[in-house]
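Scroll down for the structure; my scribbles are underneath it.
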4 protein chains.
Amino acid sequence: MKKKFTEKQIHILDIAEELIAQKGFEGTSVRDISAKANINVAMISYYFGSKEKMMVNLYQYRVQKTRETFAEFTQTIKDGKPEMQLKEIINFVTKQLFKFNYFHAFVTQELRHQDRVKDTLLEFYQTFTKVLEDVVQKGIVSGVFKRAAKSEDIVSTIIGTIVFTIRNKNYYEIYLKGNDEDYLANAEKKLKNHLNLCVFSLLGYQI
Amino acid sequence: MKKKFTEKQIHILDIAEELIAQKGFEGTSVRDISAKANINVAMISYYFGSKEKMMVNLYQYRVQKTRETFAEFTQTIKDGKPEMQLKEIINFVTKQLFKFNYFHAFVTQELRHQDRVKDTLLEFYQTFTKVLEDVVQKGIVSGVFKRAAKSEDIVSTIIGTIVFTIRNKNYYEIYLKGNDEDYLANAEKKLKNHLNLCVFSLLGYQI
Amino acid sequence: MKKKFTEKQIHILDIAEELIAQKGFEGTSVRDISAKANINVAMISYYFGSKEKMMVNLYQYRVQKTRETFAEFTQTIKDGKPEMQLKEIINFVTKQLFKFNYFHAFVTQELRHQDRVKDTLLEFYQTFTKVLEDVVQKGIVSGVFKRAAKSEDIVSTIIGTIVFTIRNKNYYEIYLKGNDEDYLANAEKKLKNHLNLCVFSLLGYQI
Amino acid sequence: MKKKFTEKQIHILDIAEELIAQKGFEGTSVRDISAKANINVAMISYYFGSKEKMMVNLYQYRVQKTRETFAEFTQTIKDGKPEMQLKEIINFVTKQLFKFNYFHAFVTQELRHQDRVKDTLLEFYQTFTKVLEDVVQKGIVSGVFKRAAKSEDIVSTIIGTIVFTIRNKNYYEIYLKGNDEDYLANAEKKLKNHLNLCVFSLLGYQI
DNA sequence: CATGAATGAGGGTTCATTCAT
DNA sequence: AATGAATGAACCCTCATTCAT
């Protein structure tokens with residue numbers, strides 16, 4: 001059962017996501033959001049019921065999209081070899097997280113009492129873990145991977161590492177060549193290389 | 001230049017850290033803090049100037065301690081072999097992050113406009129990176145490490161992976177054996193194993 | 001000059017009266033009314049101009065009906081003896097007030113700045129007073145009443161006493177025999193007896 | 001157990017009572033009250049917790065005082081003859097209701113969900129009823145009263161009639177001699193006469 | 001003729017902070 | 001040095017009403 005959002009709602013959610021990622025949920029007032037979105041203050045309550053419910057909607061909206069995108073993606077790689085699949089997965093996840101860095105900046109920090117909401121993300125992580133596990137298993141069977149590392153650990157490392165660089169921009173950019181302005185692009189590239197090396201060598205792949 | 005804190009200030013900071021880690025900076029009122037610390041509401045402003053300045057102090061207080069602890073730690077391993085040093089570093093960092101998971105739960109999410117404050121953490125990360133780099137370099141020279149991975153990437157992976165498991169308790173615990181209550185202990189152990197494998201194989205160490 | 005209301009308007013007014021009697025004018029939102037009346041929120045403004053004007057209309061609607069009913073009633077007793085007329089008046093007023101207790105629950109409490117509206121009620125009270133005065137006068141002349149009590153005082157006592165029991169249900173029901181469910185019926189009966197005794201003895205009627 | 005109020009609280013309650021009597025509870029904003037009381041808007045929440053709790057306090061404050069005053073009063077008449085006692089009671093109640101007409105203007109109309117609060121008033125009415133019953137009984141025994149009217153009916157008539165004239169000032173003043181300005185004084189006097197006549201004749205007292 | 005999306009005003013409450021003591 | 005009473009700003013939300021359709 002997929003929830004539908006109107007254009008205006010999506011507009012509000014996009015603005016809200018950006019601000020909340022920057023200043024936190026409590027640090028972002030509905031006035032901030034409505035001002036930036038050029039709408040009336042009352043609209044947030046009008047459209048979503050309350051600020052908190054808007055947050056739930058935002059969460060569901062983004063996670064829902066993420067899951068869909070991921071599901072489509074898995075289709076595109078389903079016939080490849082494990083090593084190719086793994087490479088594509090790392091590439092995909094990195095790209096997505098960098099693209100929606102807003103979202104993942106707040107996804108793990110807010111909604112403390114909204115356990116139901118957190119479950120939505122949990123489910124996605126589990127799906128991701130399962131996909132990864134199949135790839136690893138297949139690689140082990142075919143002999144390209146020598147070490148059957150646990151996929152939940154790989155997931156933690158992949159997502160954890162990416163989120164760390166996104167959130168610690170001022171740290172990671174020190175070690176980047178190139179100008180500041182395309183930090184994200186450069187960081188993404190560097191990171192992708194690192195993660196590939198990291199995961200493949202973890203699995204005992206002969207590089 | 002080391003800042004000194006009075007006993008009362010430290011008392012307040014400890015309480016504040018706990019509450020802020022749980023409910024966020026904006027989600028924690030000075031009344032919450034003063035109530036739990038059994039002090040007057042006015043004391044936060046009185047001692048620190050403002051709530052925000054208190055946060056800066058809290059930040060500095062904790063990072064300062066972390067740096068001191070890390071400095072002491074590096075002394076204890078300075079004479080070991082690189083592979084031993086690396087193992088100890090992973091062990092130390094994991095232990096520290098799990099021990100002060102409070103702190104690291106809020107360290108990256110709050111104080112968004114406080115760039116001076118972020119610099120404090122940045123410096124620590126740089127120190128950490130430098131230490132790691134020396135170890136890697138030494139290992140390359142001595143031949144135990146075959147691949148000179150970038151230490152900033154290793155830092156990102158180590159810290160990123162740990163923080164991810166701390167913040168996504170509900171995900172990671174699914175894959176843990178043992179009862180729920182010592183999640184942190186179990187997670188720490190599992191994670192340590194994973195990180196060792198991960199970093200060592202990344203460096204081309206023959207396990 | 002009699003104002004006409006459309007069926008839809010009357011529908012709205014009936015719902016509004018009920019809600020306002022329960023929750024007060026300010027306590028009743030146009031959304032409450034429109035929801036219960038199964039109409040659009042905008043309809044109240046659309047039909048009556050504003051919520052306040054709707055209230056004026058409601059008031060006029062009910063007082064107008066009350067006056068008409070009272071006028072009809074006076075016709076039915078115009079040929080009786082004074083003592084019979086008085087008895088009938090007490091009976092009628094009690095019955096009406098109990099029947100439309102909704103209305104009289106809010107009639108004296110709302111519309112504070114709407115003096116024009118209050119005048120509508122005032123006129124009715126004056127009419128009532130005049131009718132009563134004629135009855136008393138006739139009774140004095142015929143000798144059945146020995147004391148020419150002021151009719152405005154009698155009005156105050158009749159209406160005041162009735163309204164008191166309606167609004168202090170929890171008090172008056174303590175002294176009532178019978179079950180709780182037909183409080184109004186029992187209270188009305190008890191009250192009617194009391195008022196008859198009260199007014200007749202006030203007028204010096206030999207019971 | 002008697003609740004104490006500070007001077008500032010009483011100040012607020014007095015202002016609030018006046019405004020609420022005029023415009024109703026929901027019609028009176030905390031900003032109205034704070035403006036008229038020359039205090040900060042936040043003070044109502046600060047002193048009472050919320051607007052609604054302020055109302056509960058106001059209610060208790062006034063009813064409490066009323067009960068105390070009534071208790072003192074009953075002491076002063078305890079040795080008189082029944083007819084004197086009855087006269088004094090009517091005099092006292094009339095005077096009190098006119099004096100605190102603010103209070104009794106809102107006492108029966110607000111606090112719809114506050115049943116506990118209504119009980120406070122109920123108790124007072126019951127006390128009043130009991131006192132009256134003793135007087136009537138004593139008069140019956142001594143032979144000055146010939147008819148044992150129910151005291152709850154007498155209470156309804158006394159209070160109902162008074163409240164009616166207070167709330168329908170524009171009606172009752174038509175029948176008053178004298179200028180408008182001392183309406184209350186004149187009305188009180190006229191009403192007292194009427195009530196005496198009314199109650200005494202009801203009890204069959206030979207005037 | 002009737003609607004529902006959208007608005008601005010104002011609602012009560014909570015907040016961090018100040019200041020007289 | 002420390003307090004608690006008091007403040008004004010800002011919070012989220014609900015309101016009656018408007019207006020394009």
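All chains are named by letter (A, B, ...) in the order of the sequence lines, taking the proteins before the strands, and each is independently numbered beginning at 1. Note that the structure is predicted; figures quoted are calculated from it, not measured.
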Could you walk me through whether Ile33(A) and Met54(A) pass the side-chain contact (heavy atoms from CB on, under 4.5 Å) test, one step at a time?
CA-CA 11 Å; Ile33(A) 298 168; Met54(A) 178 208 69; 4.1 Å; yes
So if I apply the side-chain contact (heavy atoms from CB on, under 4.5 Å) rule between Ile20(C) and each of Asp32(C), Thr28(C), Leu13(C), which one comes out positive?
Thr28(C)
Distance, rounded to the nearest Å, where [X] contributes [atom1] and [N] contributes [atom2]:
X: Lys51(A); N: dT14(E); atom1: NZ; atom2: P; value: 16 Å
X: Ile12(A); N: dC12(F); atom1: CD1; atom2: P; value: 14 Å
X: Glu26(B); N: dC15(E); atom1: CD; atom2: C1'; value: 11 Å
X: Asn40(A); N: dG8(E); atom1: CG; atom2: P; value: 5 Å
X: Ile44(C); N: dT18(F); atom1: CD1; atom2: C1'; value: 15 Å
X: Asn38(B); N: dT3(F); atom1: CG; atom2: C1'; value: 15 Å
X: Ile33(B); N: dT14(E); atom1: CD1; atom2: C1'; value: 15 Å
X: Leu19(C); N: dA16(F); atom1: CG; atom2: P; value: 12 Å

Quick check against the 3.5 Å criterion: does Ser45(D) have a side-chain atom that pairs as donor or acceptor with the backbone of Ala42(D)?
no
For a quick check of understanding: with a heavy-atom distance under 4.0 Å over all strands, which category does Phe48(C) fall into, base, sugar-phosphate or nothing?
nothing
Need one value for Thr28(A): base, sugar-phosphate or nothing, where a base atom within 4.0 Å counts as base even if backbone is also close, heavy atoms only.
sugar-phosphate
My understanding is that only one of Lys36(D), Arg62(D), Lys23(D) makes a salt bridge (Lys or Arg N to Asp or Glu O under 4.0 Å) with Glu18(D); could you say which?
Lys36(D)
Distance under 6.0 Å and angle within 45° of the ring axis: does Lys51(D) meet both against Phe25(D)?
yes
Judged by each residue's nearest nucleotide on DNA chain E, which is more toward the 5′ side, Ser29(B) or Lys8(A)?
Lys8(A)
Complementary nucleotide for dA20(F) - Watson-Crick or wobble, under 3.5 Å:
dT3(E)
dA9(F) - base-pair partner by Watson-Crick or wobble geometry, distances under 3.5 Å:
dT14(E)
Which sits closer to the 5' end of DNA chain F, Met43(B) or Tyr46(C), going by the nucleotide each is nearest to?
Met43(B)
Between Arg31(D) and Ala42(C), just flag the one whose closest nucleotide in DNA chain F comes earlier from the 5' side.
Arg31(D)
